[in-house]
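Heads up, the thing below is written out as structure tokens.
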Protein chains: 2
Amino acid sequence: MSHLEVRDLRYFVAVAEDLNFTRAARRLNLAQPALSRAIRQLEDRLGVTLLERTTRAVALTPAGAVFLADARAALAAVRVAETRVAAAAAPTRPLRVVVKPGSDGALLRAVHAAYAGFPPPEVSVVGCGEQAQRLRAGDADVAFLRRPVDDDAEFEFEDLLTEPRVAALPADHRLAARVRLVRADLDGEPIARWAAGDATSLRHTLGLDGTTRPLPTGPEAADLSQLLELVALTRAVAFVPASTAVHTPRPDIAYRPVDGLLPSTVSLAYPVGTKNPAVAAYVRAAWSVVDDRAALLA
Amino acid sequence: MSHLEVRDLRYFVAVAEDLNFTRAARRLNLAQPALSRAIRQLEDRLGVTLLERTTRAVALTPAGAVFLADARAALAAVRVAETRVAAAAAPTRPLRVVVKPGSDGALLRAVHAAYAGFPPPEVSVVGCGEQAQRLRAGDADVAFLRRPVDDDAEFEFEDLLTEPRVAALPADHRLAARVRLVRADLDGEPIARWAAGDATSLRHTLGLDGTTRPLPTGPEAADLSQLLELVALTRAVAFVPASTAVHTPRPDIAYRPVDGLLPSTVSLAYPVGTKNPAVAAYVRAAWSVVDDRAALLA
DNA sequence: GTGGCTCATGCCGCCAGGGTATCGGTGCCA
DNA sequence: TGGCACCGATACCCTGGCGGCATGAGCCAC
């Protein structure tokens, strides 16, 4: 009879929250069978059935409801321990955070709320793809960015959340009439892209990372509003994360899912070997937001 | 930057409590290097130095002191979660516990104190070596016993604590003049043993488990007081756990350490496949006592 | 009945975490 | 002052737990 671990609590709370193993597993960044086994092992250790499951529905048992409340309390206590020790040892200058234009402000605010107890971070906005340079130059402590970036070696990444990409089209584009597209539909269309980053992002979106296959041509933009302007003005197609599409609706732009596009990952990056407890606390704050988000995404 | 786990907290609290890696590791049933690494990794994850260590002394840093308090609180919260869920799901009859004569009453009381919230267990005392039979017959739910027992296959064991064995000799025995003995000193001496258990315990004590080597001869006793009587009356030698020696001092008996005796382990046993949450809770109560015991042994 | 959704199971591979052996530093004592 | 005992750190290896993939099995909807 082994020891109860924080992982067990996190897993159980996730399943108990949305009463669906598959979705909870996705939220926890693991496969459904792993989660099923983890919960079963937890029940075995406790000797208690926490969840009543049929193949169609999952429900909390009375004991499970009791455990859910206590598990949340225990997780909170652990989080307090993490946070307070960092605050006790880190009376340094405020953390310097870089983001790119058009980032999700709600996410940032939520992270900073969870980071309470530390001096408020200084946020600076830099051009797309320039976050890494700021970190490298020592002008920033952590950066929000979308992977991949060119130099994976010198940074550590916390992959906070992953979401599909969609195509942004002029609202009156012929393809906008379709509800769902496939890659081949876009052959020959001009593809708008980010100016910085050596088209790394576009290569990755199209799954051409290792290859030398030619990229489609198209105009370049420095930030999201420019990119969408280009789509509207030049009748190009652009790829944006699904959440961006939700946050930036425009009547002249249509967003359509495309089969075969690789998803986009929002990550937090910091230089390898970082020893600043404030950074560690910031990372944990970000994770706590991501873990708790019931419906930050679909 | 991985997640903080309950294990990390337990390890840190153990070291912070006696400020000595080697002793803390022994208490945690692991080797000192493993503990050193675990603490270092914890510090790396938090980005904070928790302990100031020289080769001669270990001291808490201010941050470490803060973390110690919070870590204890978090561990308590986890323990509450474990306990309450079991209590919620186990409104069964009281747990039936069997012990043998001469068991450590202080340990038993401490476990039952930690088991608060459940109906008080019914304790029954049976002859040495008969605990397993009670479990097998379904007359008991859990048993305190000393390993090994004959049938390791049908029970699960929680090895709570391990202690050296010592030899009990008549106080005026020629060997009692020596402060420390070796195995060969006992050649030819009669060895008193437990009546039950097929001399399993004696074989194990002498490290003859797999072999067919002949056992020394000697008288048999049913419980501890009988055993010590035999030692005094027949001038035999008996092997008892060190704590037993401490708990049962007699002017006519001398206890002497013997090099090469295998140590004795106090275990909690229950049938394999036990699903009773009360049993799980009882096991955890026992572990919490063992974990907390600052000076239950040397 | 059939297809899709969901949880369970079998099997495999990896690495975090533990063990052993050893080193290096430090205070104590002869 | 040299030897020794103690203690934490480091190097290296190895195992078991945990996660991934593929697949099975039950259940509802249409």
Side-chain angles (χ1 to χ4, degrees), chain A residues 1-46 49-61 64 156 159 162 180 259 263 265 291 298, chain B residues 1-46 49-61 64 156-159 162 180 263 265 275 291 298:
Chain A
M1 208 162 291
S2 154
H3 271 276
L4 194 54
E5 285 297 333
V6 168
R7 180 185 30 248
D8 303 316
L9 299 179
R10 290 197 305 120
Y11 287 6
F12 170 71
V13 169
V15 176
E17 270 174 354
D18 59 23
L19 297 175
N20 178 314
F21 280 75
T22 308
R23 278 197 302 274
R26 207 156 27 220
R27 263 181 33 188
L28 293 166
N29 292 319
L30 52 85
Q32 168 265 319
L35 184 56
S36 284
R37 250 174 321 157
I39 298 292
R40 160 126 6 248
Q41 286 169 359
L42 171 63
E43 290 176 324
D44 286 348
R45 274 205 294 268
L46 294 174
T49 300
L50 300 171
L51 295 163
E52 216 59 71
R53 27 208 188 288
T54 70
T55 54
R56 300 300 293 173
V58 176
L60 277 174
T61 63
E156 305 244 23
D159 295 336
T162 297
R180 180 156 204 95
D259 286 343
T265 301
D291 290 345
Chain B
M1 209 162 292
S2 153
H3 271 277
L4 193 54
E5 284 298 333
V6 167
R7 179 185 32 247
D8 303 317
L9 299 179
R10 290 197 305 120
Y11 287 5
F12 171 71
V13 169
V15 177
E17 270 174 356
D18 60 22
L19 296 176
N20 178 313
F21 280 76
T22 309
R23 277 198 301 273
R26 204 154 32 219
R27 265 183 30 188
L28 293 166
N29 291 319
L30 52 84
Q32 169 263 319
L35 184 56
S36 284
R37 248 178 322 161
I39 298 291
R40 161 133 355 254
Q41 287 170 358
L42 171 63
E43 290 177 325
D44 286 349
R45 274 205 293 268
L46 295 174
T49 300
L50 300 170
L51 295 163
E52 215 60 70
R53 26 208 187 288
T54 70
T55 55
R56 300 302 291 175
V58 175
L60 277 173
T61 62
E156 304 244 24
F157 296 95
E158 309 285 332
D159 295 337
T162 297
R180 179 155 206 96
T265 301
K275 277 289 205 174
D291 289 346

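So that the names make sense, note that chain A is the first sequence line, chain B the second, and so on, each numbered from 1.
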I need the CZ-P distance between A:R10 and D:dC18, as an integer number of Å. 13 Å
In this structure, CD of B:Q41 is separated from CZ of B:R45 (nearest 0.5 Å) by 6.5 Å
Quick one, B:V58 and B:D18 - any side-chain contact, counting heavy atoms below 4.5 Å? no
CD1 of A:I39 versus P of C:dC7: gap in Å, rounded? 11 Å
Indicate yes or no for a side-chain donor-acceptor contact from A:R7 to the backbone of A:E5 under 3.5 Å, with no hydrogens or angles considered. no
Among the candidates D:dT10, D:dG8, C:dG19, find the nucleotide nearest to the side-chain atoms of B:R53. D:dG8
If I take atom CG in residue B:L42 and atom P in nucleotide C:dA16, what distance separates them, rounded to the nearest angstrom? 16 Å
Mind checking if A:D8 touches a base, just sugar-phosphate, or nothing, with heavy atoms under 4.0 Å? nothing
Distance below 4.0 Å between A:N20 side-chain N/O and C:dC7 OP1 or OP2: yes
Side chain of B:S36 only, please: which of C:dG17, D:dC18, D:dG8 is the nearest? D:dG8
Looking for any heavy atom pair under 4.0 Å, which part of the strands does A:A31 touch: base, sugar-phosphate only, or nothing? sugar-phosphate
Return the value, rounded to whole Å, for the distance between atom CG of B:L35 and atom P of D:dG8. 9 Å
Test item: B:E43 side-chain N/O and B:L50 main-chain N/O as donor-acceptor pair under 3.5 Å: yes
Given that B:P33 and B:R37 both sit by DNA chain C, which one's nearest nucleotide is further toward the 5' end? B:R37
Start at the 5' end of DNA chain D and walk down; is the nucleotide closest to B:R23 or to A:Y11 reached first? B:R23
Trace of the side-chain contact (heavy atoms from CB on, under 4.5 Å) decision for B:F12 with B:L42: CA-CA 8 Å; B:F12 171 71; B:L42 171 63; 3.8 Å; yes
Quick one: A:L30 CG to D:dC18 C1', roughly how many Å, whole number? 10 Å
Protein-nucleotide distance (A:F21, atom CZ; D:dG19, atom P), rounded to Å: 14 Å
Can you name the nearest heavy-atom pair linking B:L60 to B:A16, along with the distance? CD2-CB, 3.9 Å
So which protein nitrogen or oxygen atoms get under 3.5 Å of nucleotides 25-30 of chain C's nitrogens or oxygens?
residue, atom, partner, partner atom, Å
C:dT26, O4', B:T55, OG1, 3.0

Of D:dG19, D:dA9, D:dG8, the nucleotide closest to the side chain of B:T22 is D:dG8
D:dC7, OP1 or OP2 - any side-chain N/O from B:Q32 closer than 4.0 Å? no
Remember a base hit wins even if backbone is also touched, and classify A:Q41 as base, sugar-phosphate or nothing at under 4.0 Å, heavy atoms. sugar-phosphate
Just the rounded figure in Å: distance from P of D:dC21 to CZ of A:R26. 14 Å
d(CD, A:E43; C1', C:dC7) in whole Å: 12 Å
Evaluation steps, side-chain contact (heavy atoms from CB on, under 4.5 Å), between B:V6 and A:L4: CA-CA 7 Å; B:V6 167; A:L4 194 54; 5.9 Å; no
A:L51 vs A:T61 side-chain heavy atoms within contact, under 4.5 Å: no
